[in-house]
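I have placed the structure first, in the form of structure tokens, so that the comments after it can refer back to it.
Keep in mind that the numbers below use all heavy atoms, side chains included, and drop hydrogens, waters and symmetry copies.
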Amino acid sequence: PLARGYEVDTHRAISNVALRHAGCIVHDYLKNELLLPSGYLTSAGSGTLSSRLEDGAEDEDTRNTTRPRNHFFNPVTNGGLNDIFSGTPSLQWAYDHADNQHDWHGARDRYFEFFTASSQSARSAALGEAFFALGHVIHLCQDLGQPQHTRNDAHITYFPGAPYEDYCHNHYNTPASIT
């Protein structure tokens, strides 16, 4: 399969650490502005908000084998992958793409449903889905830190040509190894 920017456990770990970082205001925002006393530990749909975000970051690579083709963005050409495979530039994939229900617009639509749904269970599920979609978008931001994802450079994980990903997988695949 086409390689991921980082292995799925690394994406989950990066998301976990970022959400819990002392400088991250998400927890306080959820508690103080949205009046969710448990912050990112609020139950929402099939998990907590933090677990739904981490699930989305993982799901972006595991949903199917073609999604990773849309994880590339070359800032010089504004293009996506067009090497061994081709794909949509990741900025477009992350923001607004008809084939991606978990893009920024999908997250905003679920967030709107959180405020407008008629039942508490529907509101909870919508907020969980908003965080799940945000996890997908965050995954794409994480991939922009992988040098091969900022060039037209398809690569296969665990084969020659992906040493950066191999290193990250071996050293940064848990929250404890990142901090």
Side-chain angles (χ1 to χ4, degrees), residues 4-64 67-68 70-73 75 78 80 88-146 149-150 168 172-179:
R4 299 147 181 130
Y6 304 101
E7 284 301 301
V8 295
D9 48 3
T10 306
H11 280 288
R12 181 177 283 282
I14 293 170
S15 300
N16 177 288
V17 169
L19 193 59
R20 288 160 177 78
H21 186 273
C24 182
I25 65 168
V26 172
H27 190 60
D28 288 337
Y29 180 85
L30 292 168
K31 289 185 344 184
N32 300 327
E33 301 299 325
L34 295 186
L35 305 177
L36 299 170
S38 298
Y40 56 61
L41 298 175
T42 299
S43 292
S46 61
T48 64
L49 294 177
S50 61
S51 70
R52 295 300 291 149
L53 183 111
E54 293 168 24
D55 291 345
E58 180 178 313
D59 187 68
E60 180 60 29
D61 269 343
T62 60
R63 177 169 293 270
N64 64 48
R67 289 181 79 87
N70 305 311
H71 294 187
F72 294 76
F73 180 74
N78 292 322
T88 300
S90 66
L91 294 183
Q92 181 183 355
W93 183 249
Y95 184 67
D96 187 20
H97 194 279
D99 294 332
N100 185 7
Q101 67 181 10
H102 301 300
D103 58 15
W104 177 250
H105 280 260
R108 288 183 59 198
D109 290 346
R110 301 302 76 74
Y111 188 61
F112 179 76
E113 288 175 20
F114 164 64
F115 288 108
T116 60
S118 59
S119 71
Q120 175 59 34
S121 63
R123 287 190 298 275
S124 177
L127 188 59
E129 288 302 309
F131 270 69
F132 184 72
L134 286 174
H136 280 259
V137 173
I138 287 169
H139 174 115
L140 298 167
C141 294
Q142 293 168 357
D143 273 357
L144 291 173
Q146 204 287 32
H149 280 255
T150 62
C168 289
Y172 301 111
N173 64 343
T174 66
S177 64
I178 294 173
T179 56

Exercise: identify the closest heavy-atom pair between T150 and L144:
CG2-O, 3.3 Å

Residue set satisfying ring-ring contact (aromatic ring centres under 6.0 Å, His included) with H105, at least two apart, ordered chain then number -> Y95

Quick note, salt bridge (Lys or Arg N to Asp or Glu O under 4.0 Å) partners involving residues 32-43, not counting sequence neighbours, are none

Short side-chain donor-acceptor distance under 3.5 Å, T10 and Q142:
no

Atom pair CH2/CG of W104 and L134 - distance to nearest 0.5 Å
6.0 Å

For residues 110-134, which residue pairs qualify under salt bridge (Lys or Arg N to Asp or Glu O under 4.0 Å), counting only residues two or more places apart or in two chains?
R52-E129, R110-E113

For F132, which residues count as a ring-ring contact (aromatic ring centres under 6.0 Å, His included) partner, sequence neighbours excluded?
H102, H136

With sequence neighbours excluded, what pairs up with R108 under the salt bridge (charged side-chain N to carboxylate O under 4.0 Å, His left out) test?
none

May I ask you to test the D143-H11 pair for a side-chain heavy-atom distance under 4.5 Å?
yes

Would you call the rings of F115 and Y111 parallel, tilted or perpendicular if under 30° counts as parallel and over 60° as perpendicular?
perpendicular

Among R63, H139, R12, side-chain hydrogen bond (donor to acceptor under 3.5 Å, both in side chains) partner for E58
R12

Residues passing the ring-ring contact (aromatic ring centres under 6.0 Å, His included) test with Y40, sequence neighbours excluded, are H27

Point-to-point distance, once rounded to the nearest 0.5 Å, from CG of D103 to CG of N70:
11.5 Å

